[in-house]
Amino acid sequence: MREPFRYVTDKILEAILSGVQIEEPQHIKVEEPPKPELGDLAIPLFRLAKAKKVGLEDLYREFKPILESIEEVESVKLMGGYIDIWLRPSKLSRIVFESLRSSGEEYGIVKVMAPKRYVVEYVSANPVHPLHIGSGRNAALGKALESMLRLRGHIVESRFYINDLGRQVAIMVLGYRLLGGPQPPAGVKEDHWIGYIYAATNVIIEILKLKKEIEKSRGDPDRYRELVSRLDDLMSDAARLRERYPEYFDRLSSELSGIEDIESVISELMIGYEKKSNPETVELFRKAVDLCIEGFKKTLSQLEIEFDKWDYESEIAWSGDVEQILSMAMKSPYIVYKQGVPALSFSEILKSREVRERLKLPKTLEIPPLVLMRSDMTTLYTVRDIAYSIKKFREFNADYVINVIAAEQRLAQAQLRLALYMLGFRKEAENLIHYSYEMVNLPGIKMSGRRGRYVTLDEVLESAVERVRDIVRRRSPNEGVDEGVVRHIAVSAVKYALASIDPNKQLVFKLEEALDLERNSAPYLLYTYARANSLLEKAGPLPSLDEVDYSAADNHAKRRELLLMISKSPTVFSEAIDRLSPEDIASHILVLADLFNSWYQVDPVIREQDPGVKGFKQYLVYGVRSVIGNGLRALGIRPLSRI
RNA sequence: GGGCCCGUAGCCCAGCCAGGAAAGGGCACCGGCCUUCGGAGCCGGGGGUCCCGGGUUCAAAUCCCGGCGGGCCCGCCA
């Protein structure tokens, strides 16, 4: 029995449906009462009573004997239009413990009958600045999805898409070249260094551009004032950046001022790289980008995240796949011209309700045409993404591709699915899942990668580590601090804080709250897991199933509640995974942890004298440990047997 | 102008998709447990117009319509 709770509810449902004359089976359902006093299960009778035009009492009299004939049912009672059902703990516990015995450490996770092949693409941050807290949410969610699906038995490949084409990277590379391709100063992480070069170069370029515009706007006082105030803004960013590395900044500044037409230099760089026409440029781009990626990998390894594949966007462009997509698109009847460049128009296909449904698009959303190429013949991001999406499906023979991408890209992701569909990649279009999440903000900070204004994920993680280290020192001043454990707890706390909240909700990440190790946190769960583990070890080996006193929960509310919760876990997990909802797993194990903590304080396990009852308790603890452990694993967090 | 997401105690979050019983947790606050199977814990207490207004329903935090507030998107950016 892999899902004990579902087994029992199904059994009850079947008994009713075969025992009572019911026209519309959807009128009958088994639900969970809001409070333990109202039973373990409840069946609302209102709808059925209305449909059958009979009284609640009459219905109850009809249901009662059927329910009472089920061996797992202890008693039933009519209360306020509901049949409240109490399960027989001695029966339920046998089912649960048998399941625990046979699935062992894997209890809670039910493998799917037919595994699917999933590609999960996540993080994929632009290689021009360090990972920030938003990338952290992406990483935490992506890792959770990857882990969940793997546990459920699917075959999963994780990918990181390196967006190395495009203007931002070209600007960074320009700065990098002007500085002579410098290695990071001692003690500076690679991506932080690249982030600095990018921001400094960008800010200086913007200042130079703005100054020219200001010259031209002397005749227009309003515009002049506006531009000057924008310049002030930029100047303060520049001053802040200069402060960090004055020599580098000044050198960049003077070099850039000496370039007559910066735009054409940037564009030359972009073309040289994308078309692979200039070997030096190619080498330079790769050197700079890889430097940044090296930094990313260090942060990700802190987060205990590793990717199966790293894909360069440039490789997609070089492979010819993009050309192929373009030529397919050009033959499409939906080509329109927007200011001379070809674009794919969606207005026709969006008239189809069926297509909207298949591609999970809102009923009324209007989607602007997708421009296919720039007038200088270079390609655009979304078009390259069409080629990349196909590649992800093809290379892994994937059934589904999940893109973990910020909600602000919803429209672009919709365009992507539509374009795939229109070009004949219907299966791909329908099975491309945009797993979107909302912004993360830090209180009081306006972040901007372009201006070099950000708090890096590294800084957040480091503060977390320091904080945890302090707490551990304070709690156990006489013991040595296990640095590995401290790091793991700190990093898990951040991951949990970012993956345990509905991704559709904007999030203000407060360091103090995420690091509050008291409750609703990974540390609390890790601690509870370790404690359950320690209890199990001290209690001795798990007894065999016929040594257990199954009546031990008969008149014991806490044991009964815990048992019920454990019995539900596999079902909760399966549904959460199938719905791609890591937050449901997070809240389930949190409630279980609370329940477990309140139970074992008042109901000793090791000191229990009655061997049958002790065995019962050991199985409960074993169940708790398995469920919390697998819940954490599902979230991409490794449980620790000792803290 | 149009579209998408969010709006639940001082603060944070679950419940909403598949409508059901007096709306659940946590933080903070107040009071107890401080001879404990690892106190990162336990027990108790106060605190709510479920953003507002309509509608559907025996029943609405949940579904529908209309507002309000916050965020995001509508580029030859990515």
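Below, chain A is the first sequence line, B the second, and so on; all start at residue 1.
In this structure, Leu365(A) reaches the sugar-phosphate backbone alone: every heavy-atom distance under 4.0 Å involves primed, P, OP1 or OP2 atoms, never a base. Using a 4.0 Å heavy-atom criterion, one finds that Ser375(A) contacts the bases of the nucleic acid, with or without backbone contacts as well. Using a 4.0 Å heavy-atom distance criterion, Pro604(A) is classed as a base contact. Within 4.0 Å (heavy atoms only), Gly166(A) reaches sugar-phosphate atoms of the nucleic acid but no base atom. Among the atoms of the strands shown, none is found under 4.0 Å from any heavy atom of Ala406(A). No contact: Asn533(A) has no heavy atom under 4.0 Å from any strand. Within the nucleic acid shown, Glu608(A) has no heavy atom closer than 4.0 Å to any nucleic acid atom. When heavy atoms are screened at a 4.0 angstrom cut-off, Ala343(A) is found touching no nucleic acid atom at all. Here Ala539(A) lies out of heavy-atom contact (under 4.0 Å) with every strand. Residue contacts shown for Ile643(A) include a base, since a base heavy atom lies under 4.0 Å away. Using a 4.0 Å heavy-atom criterion, one finds that Gln339(A) contacts the bases of the nucleic acid, with or without backbone contacts as well. Nucleic acid contact class of Val371(A) (heavy atoms, under 4.0 Å, all strands): sugar-phosphate only.
Distance CD (Gln601(A)) to C1' (C34(B)): 12 Å, rounded to an integer number of Å. Atom pair Asp502(A):CG and A14(B):P shows a separation of 5 Å (rounding to whole Å applied). Distance Met439(A) CE to G70(B) P: 18 Å, rounded to the nearest Å. Computed from coordinates, the Glu438(A) CD to G7(B) P distance equals 11 Å when rounded to whole Å. For the pair Leu48(A) CG and C58(B) P, the computed distance is 16 Å after rounding to whole Å. Spacing between atom NZ of Lys50(A) and atom C1' of U57(B) amounts to 7 Å, rounded to whole angstrom units. One atom, NZ of Lys505(A), and another, P of G69(B), lie 21 Å apart when rounded to the nearest Å. Whole-Å rounding puts the Asn441(A) CG to C5(B) P distance at 19 Å.
Between Arg384(A) and Glu315(A), none of the side-chain N atoms (NZ, or NE/NH1/NH2) sits under 4.0 Å from a carboxylate O, so this pair counts as no salt bridge. Residues Lys617(A) and Glu608(A) are paired through a salt bridge, judged by an N-O separation under 4.0 Å between the basic side chain and the carboxylate. Remark: Glu32(A) engages Lys568(A) in a salt bridge, criterion side-chain N to carboxylate O under 4.0 Å. One finds a salt bridge joining Glu575(A) and Arg6(A) here, because a Lys/Arg side-chain nitrogen approaches an Asp/Glu carboxylate oxygen to under 4.0 Å.
You'll find a donor-acceptor pair under 3.5 Å spanning the side chain of Lys35(A) and the base of A22(B), going by distance alone.
Here the separation of C13(B) from A9(B), taken at their C1' atoms, is 12 Å to the nearest Å. The gap from the P atom of A21(B) to that of A59(B) amounts to 14 Å, rounded to the nearest Å. C30(B) sits 16 Å from G46(B) when the P atoms are compared, rounded to a whole Å. Comparing C50(B) with A61(B), their C1' atoms sit 5 Å apart, to the nearest whole Å.
Where Glu583(A) and Ser641(A) each meet RNA chain B at their nearest nucleotide, the meeting point lying more 5' is that of Glu583(A). Comparing Leu165(A) and Asp584(A) against RNA chain B, the residue whose closest nucleotide sits nearer the 5' end is Asp584(A).
Nearest nucleotide to the side chain of Phe46(A), out of C58(B), A21(B), C76(B): C58(B). Among the nucleotides C76(B), A21(B), G38(B), the one closest to the side chain of Lys538(A) is G38(B). Here the nucleotide nearest the side chain of Arg450(A), chosen from C77(B), G38(B), U57(B), is C77(B). The side chain of Glu408(A) lies closest to C73(B) when the candidates are A78(B), C13(B), C73(B). The listed nucleotides are G38(B), A78(B), C37(B); the one nearest the side chain of Ser534(A) is G38(B). Nearest to the side chain of Arg384(A), among C76(B), A78(B), G25(B), sits A78(B). Checked against G71(B), A78(B), C6(B), the side chain of Asn504(A) finds its nearest nucleotide in C6(B). Counting only heavy atoms from C-beta on, Arg579(A) has its side chain closest to A18(B) among A18(B), C58(B), C37(B). Nearest nucleotide to the side chain of Gln506(A), out of G71(B), A21(B), C76(B): G71(B). Side-chain proximity of Asn597(A) to the nucleotides C11(B), A21(B), G41(B) is greatest for G41(B).
Note on Arg410(A): every side-chain N or O is 4.0 Å or more away from OP1 and OP2 of C4(B).
Here Tyr388(A) and Tyr161(A) bring their ring centres to under 6.0 angstrom of each other.
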